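Inspection log for the structure reproduced underneath, given as structure tokens.
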Amino acid sequence: MKERYEPAAIEFKWQQEWERSNLYVTREDPGRPKFYVLEMFPYPSGDGLSVGHLHNYVPCDVIGRYKRMAGFNVLHPMGWDAFGLPAENDALLKGLHPKETVPRYAANFKRQLKLVGCAYDWSREINSSSPDYYKWTQWFFLLLYRRGLAYRALGSQWWCEKCRTILANEQVVNGCCWRHTDTPVSKKDLEQWFFKITAYADRLLADLDGIDWPEPIKLMQRNWIGRSEGAELAFPVVGHPGREVRFFTTRPDTVFGVSFMVLAPEHPLVPEITSPAQRHEVENYVAQARRQSEIERLSTVKEKTGVFTGAYAQNLFTNRAIPIWIADYVLMGYGTGAIMAAPGEDQRDFEFAKKYGLEIPVVTVPADGTPAPSDRAFTEYGIAVNSGFLNGMKTEAAIRAVCKYAEEHEIGRPTVSYRMRDWLISRQRYWGCPIPIVYCAKDGVVPVPEDQLPVILPDMTDYQPSGTGRSPLANVPEFVNTTCPKCGGSATRETDTLDGFACSSWYFLRFASPHYDAGPFDKKAGDYWLPVDLYVGGAEHAVMHLLYARMWTKVMYDAGLVRFTEPFPVLRNQGMIWAADGQKMSKSRGNVVTPDAMVEKYGADALRLWELFMGPFEEATNWNEEGVVGTSRYLSRVWTLVRRYVEAGCPQGNPSLETLKRTHKTIRTVTDHIERLRFNTALAALMDLLNYFQKLQPEQLGRFAIESYVVLLAPMAPHITEEFWRALGHQESVHLESWPHFDPALTRDDSVTVVVQINGKVRDRLTIDAGTPEDDVRRLALTREPVQRHLAGKAPRKVIYVPDKLVSIVV
RNA sequence: GCGAGAGUGGCGGAACGGCAGACGCGCCGGACUUAGGAUCCGGUGCCGCAAGGCGUGGGGGUUCAAGUCCCCCCUCUCGCACCA
């Protein structure tokens with residue numbers, strides 16, 4: 001071994017050797033359990049990886065390496081989420097083509113991941129923009145289509161002017177596009193494809209209970225799904241025979257207090273029922289509501305506005321005619337776009353009634369007999385009053401009674417409503433997976449037969465989005481014009497492409513058999529490797545990718561393709577690494593730190609260790625390069641330790657009991673902490689042990705201690721430990737070693753320090769044999785000089801003893 | 001506004017209700033050096049010469065014992081934002 005640790009001299013050498021010997025190609029040994037660790041599919045951006053991204057990849061690499069050593073068949077693959085707007089926009093900006101930039105960027109990501117020693121099985125690399133991959137994305141589209149889960153609908157959709165495409169609801173954040181948070185979205189009326197994710201709402205919600213995910217993520221999904229139970233009812237419109245207003249309510253028990261109704265301005269009934277006298281005012285209001293930006297309209301602080309339509313509905317419970325208003329606080333996209341207003345029990349309706357002088361009946365009073373408030377709505381549950389057959393009932397019972405009555409009289413039924421809408425998947429852009437659908441004058445909408453897949457994305461030089469709402473693909477006659485698979489007549493292709501999230505809704509299955517060509521995945525391989533044992537990624541995907549992938553998995557389960565209903569039973573979110581200035585690392589801010597620069601300066605192992613050591617894996621922190629100096633220095637000290645041992649001829653040695661015990665305890669700690677993803681404290685334990693080892697001679701250390709140390713460090717610092725391992729005389733890679741076991745007997749302490757507290761303050765410490773009888777410890781404590789001094793003659797009132805820990809004396 | 005998470009030395013962070021500050025950075029002192037962003041040794045929460053006292057965002061509480069549990073408040077981050 002060289003005198004000094006020089007990472008550059010060993011890291012590349014070992015990386016090449018591992019690649020040559022196929023060290024990290026996935027093994028499938030039936031005698032071992034499997035472990036599938038996966039990071040979220042990255043989009044390979046032109047900027048390459050930063051040290052922030054590594055905060056995900058390095059820890060997963062440690063887990064993969066550790067699990068392999070601990071006896072598992074490990075699947076740890078990597079691929080590229082290459083279709084989609086970021087790739088297309090980047091290429092447009094640079095005047096290049098994504099088919100050229102994507103492979104280049106992916107190659108750069110791969111180079112960087114190899115540079116830091118991440119052990120992926122590159123033989124399984126996949127790319128969602130490659131025809132062998134998107135063929136199967138199309139296959140899944142057809143599966144959903146066949147199962148009635150893909151449909152086309154005309155409606156007003158979110159449009160981002162910068163993306164020049166329609167977006168799904170989830171992709172709208174605070175009224176702006178999720179990629180362009182400064183660009184407000186607008187509405188555009190277009191016919192679009194949807195996946196019926198709402199059909200899975202209940203299961204997506206219920207199955208959250210059985211998976212091990214961070215609670216905040218589960219909560220976000222629950223809120224996003226937004227299930228609420230209630231009733232759907234309908235009141236007839238007076239003077240319009242056959243017309244009725246259908247509405248959803250969570251408080252059917254308040255029907256007797258319904259003094260007016262409100263429709264969303266876009267509600268289809270509005271033009272029909274508006275009276276001539278009100279028409280002008282109503283039309284103005286509707287036009288104004290349309291013009292309003294979504295941000296304004298979503299504002300909860302804004303005063304409520306509305307207009308009377310001149311029409312009345314008949315409240316079938318009170319038999320009174322009640323006015324029908326329109327107001328923009330009622331949203332067309334939720335429930336039926338219409339509400340019954342119970343101003344006595346709903347604060348929004350209360351405010352509206354107050355403003356427009358509408359009646360405010362009280363039909364629910366507090367159960368404790370106090371009067372209902374008059375300055376606001378009483379929104380809690382209570383007792384029904386002024387409510388006909390409901391009088392005297394508790395809210396819960398009254399809800400059931402109204403539902404029963406409504407069913408019997410065929411005016412409604414209990415129902416469940418969701419905040420979640422269907423997933424809009426059409427994108428009017430070029431760089432995506434073509435939707436395998438053909439339109440025929442005779443046969444209508446015809447799916448492309450499976451044996452004609454993939455529908456190849458044509459080459460285009462000018463793929464600039466049009467802005468008209470049509471995909472650039474519409475300008476390629478060779479693509480658009482085709483024949484109908486059914487009748488053979490002339491037909492046209494769907495020109496929209498699929499939302500990129502479709503590609504990432506099944507990629508975790510493709511890794512099980514990435515080269516399989518008889519289906520999206522080999523059933524046997526899928527059954528063996530899936531589901532993913534540990535899934536790791538950023539919290540920003542809480543309600544998009546994670547919800548979509550869960551839905552697709554349930555569809556696959558229903559279709560008998562897989563045996564599990566949840567793709568990611570265990571999910572963890574890595575903490576965000578901010579730049580040193582506390583801001584997001586970005587090229588435009590000029591604060592990006594690259595792994596390339598860090599590796600050049602300190603080596604891959606030092607960089608890896610700092611990624612692990614800088615803080616808890618799941619917590620955010622700021623990048624601080626000074627820390628790499630520390631881990632680099634640590635590695636140099638380990639180098640010196642091993643070098644001295646090797647130079648001493650690698651003595652078997654005769655370690656003291658303490659050395660043995662410390663080694664065994666460290667094996668226990670490091671194992672436990674890696675299992676719990678506590679990499680920072682796992683490494684701290686190794687640093688601690690090094691500080692102890694440094695005081696010993698090679699003879700006092702011995703082979704067991706040194707080799708255990710090297711093996712424990714191997715998943716975190718793979719290069720230096722490989723160098724050590726060979727220097728210690730081994731022919732095989734350290735990464736093929738078994739994870740060390742500890743002897744529980746050697747992790748127990750013989751003597752312990754017991755603290756003595758007097759009135760809660762530490763006044764003395766005793767060193768005693770572990771397991772010393774309580775009486776002896778108490779007696780000893782009371783005879784000690786510092787204890788006597790602080791007692792000052794006072795008699796203990798109470799003495800608490802925690803075995804081997806403390807004596808607490810109260811005076 | 002509602003919901004979730006987080007506030008610990010100069011800094012990153014440790015700590016089954018039981019010795020607050022492990023480990024590391026930085027800093028101070030020393031050794032070896034022509035030199036040091038190398039290496040090694042020692043020190044380092046605050047106040048105090050010391051004995052000792054004070055300390056985990058602030059204020060209460062439970063407990064022999066609270067960073068940890070309970071209540072109120074402040075700050076920051078994230079999510080949702082009229083969902084009937």
Side-chain angles (χ1 to χ4, degrees), chain A residues 3-5 173-175 214-224 226-228 230 247-251 254 262 264 295 297-302 304 327-331 333-342 345-349 351-352 417-421 539-540 542-543 576 578 601 609-610 613-616 618-634 636-637 640 678 680-691 694-695 753-765 796-802 804-811:
Chain A
E3 167 82 19
R4 287 184 45 161
Y5 167 50
V173 177
N174 294 328
E215 267 320 307
I217 301 290
K218 287 194 190 184
L219 191 68
M220 279 188 242
Q221 292 219 344
R222 284 193 189 103
N223 291 342
W224 187 262
R227 181 184 205 272
S228 49
F247 57 91
F248 174 75
T249 176
T250 55
R251 288 292 301 275
T254 62
V262 187
I295 296 176
R297 197 160 159 191
L298 286 172
S299 165
T300 47
V301 293
K302 193 189 69 169
K304 297 193 176 8
D328 62 8
Y329 79 91
V330 176
L331 310 173
Y334 182 76
T336 62
I339 61 160
M340 64 173 215
E345 287 71 33
D346 184 289
Q347 187 59 25
R348 295 156 303 183
D349 299 343
E351 285 163 24
F352 194 79
S417 190
Y418 297 95
R419 199 190 87 106
M420 181 170 70
R421 323 280 161 84
E540 68 273 17
V543 288
M576 183 82 187
W578 306 103
K601 232 165 147 181
L609 291 191
W610 178 238
F613 190 64
M614 59 194 298
E618 301 189 69
E619 272 163 47
T621 190
N622 291 3
W623 177 255
N624 170 17
E625 190 182 320
E626 300 286 291
V628 195
V629 177
T631 52
S632 161
R633 203 176 284 165
Y634 159 74
S636 294
R637 296 210 309 271
T640 305
R678 306 285 297 267
N680 56 331
T681 48
L683 186 52
L686 282 169
M687 289 176 168
D688 218 7
L689 187 61
L690 176 70
N691 290 342
Q694 277 187 313
K695 298 182 186 113
T753 302
V754 169
V755 297
V756 184
Q757 294 184 343
I758 295 171
N759 285 344
K761 288 197 196 308
V762 178
R763 298 301 186 185
D764 196 14
R765 292 182 174 79
R797 215 177 67 219
K798 195 171 170 187
V799 179
I800 289 130
Y801 179 63
V802 180
D804 294 348
K805 282 252 168 69
L806 69 78
V807 179
S808 183
I809 301 167
V810 191
V811 296

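None of these values were measured; they are calculated from a predicted model. A, B, ... follow the sequence lines: proteins, then strands. Residue 1 opens every chain.
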### Query
To the nearest angstrom, how far is A/E215 atom CD from B/rA4 atom P?
11 Å
### Query
Nearest-Å distance, CH2 (A/W224) to P (B/rC83)?
15 Å
### Message
If I pick the P atom on B/rG67 and the same atom on B/rG17, what distance separates them, to the nearest angstrom?
### Response
13 Å
#### Entry: Upstream residue (5' side of RNA chain B) when A/V543 and A/N223 are each assigned their closest nucleotide
A/N223
### Message
I need a per-nucleotide contact map over nucleotides 8-25 of chain B, read 5' to 3'. Cutoff is protein heavy atoms under 4.0 Å; write B for the base, S for backbone only, - otherwise.
### Response
----BSSSB-BB--BBSS
## Note on the structure
The Watson-Crick or G-U wobble partner of B/rC83, with both key distances under 3.5 Å, is none
### Strand partner of B/rG26, provided both Watson-Crick or wobble distances fall under 3.5 Å
B/rU44
### Task
Whole angstrom is fine here: how far is it from CZ in A/R348 over to C1' in B/rG1?
13 Å
### Query
Can you tell me how far P of B/rA4 sits from CE of A/M220, to the nearest Å?
12 Å
### Query
Which glycosidic conformation, syn or anti, is assigned to B/rG5 if syn requires a torsion within 90° of zero?
anti
### Query
Now, which nucleotide makes the Watson-Crick or G-U wobble pair with B/rG36, with each of the two distances under 3.5 Å?
none
### Message
Just so I know, are the side chains of A/V543 and A/M420 near enough to count as touching, which here means a heavy-atom distance under 4.5 Å?
### Response
no
### Message
Nearest whole Å is fine: how far is B/rA81 P from A/L219 CG?
### Response
13 Å
### Query
Roughly, in whole Å, what's the span from CG in A/D346 to C1' in B/rC83?
11 Å
### Message
Between B/rG59 and B/rU8, how far apart are the two P atoms, rounded to whole Å?
### Response
16 Å
### Query
Just how far, in rounded Å, is P of B/rG52 from CD1 of A/I758?
12 Å
### Query
Which nucleotide sits closest to the side chain of A/K798: B/rA84, B/rC64, B/rG53?
B/rC64
### Message
If I take atom CD1 in residue A/I217 and atom C1' in nucleotide B/rC80, what distance separates them, rounded to the nearest angstrom?
### Response
14 Å
### side-chain N/O A/R419 vs B/rC80 OP1/OP2, d < 4.0 Å
no
### Task
Please name the pair of heavy atoms, one in A/I339 and one in A/Y329, separated by the smallest distance, quoted to 0.1 Å.
CD1-OH, 3.8 Å
### Query
When the C1' atoms of B/rA50 and B/rA15 are considered, how many whole Å apart are they?
30 Å
### Message
Any heavy-atom pair between the side chains of A/N691 and A/R637 that's under 4.5 Å?
### Response
yes
### Task
Rounded to whole angstrom, note down the C1' distance from B/rC70 over to B/rG10.
34 Å
### Message
Quick one, A/V810 and A/N759 - any side-chain contact, counting heavy atoms below 4.5 Å?
### Response
yes
### Query
Side chains of A/W623 and A/M614: does their closest heavy-atom pair fall under 4.5 Å?
yes
### Task
Can you tell me, in whole Å, how much space there is between the P of B/rG61 and that of B/rU68?
14 Å
### Query
Looking only at side-chain N and O atoms, does A/S417 come under 4.0 Å of OP1 or OP2 in B/rA84?
no
### Message
Counting the atoms with a prime plus P, OP1 and OP2 as sugar-phosphate, which does A/Q347 contact under 4.0 Å by heavy atoms, base, sugar-phosphate, or nothing?
### Response
nothing
### Non-hydrogen atoms of A/L331 and A/A264 that approach each other most closely
C-CB, 4.0 Å
#### Entry: Sequence-distant partners of A/A542, side-chain contact (heavy atoms from CB on, under 4.5 Å), two or more places apart
A/I217, A/M220
### Assigned partner base of B/rC76, Watson-Crick or wobble definition, under 3.5 Å
B/rG5
### Task
Please check the phosphate of B/rC54 (OP1 and OP2 only) for any side-chain N or O of A/K761 closer than 4.0 Å.
yes
#### Entry: Whole-Å P distance, B/rG52 and B/rG37
43 Å
### Close side-chain approach of A/V811 to A/R797, heavy-atom, < 4.5 Å
no
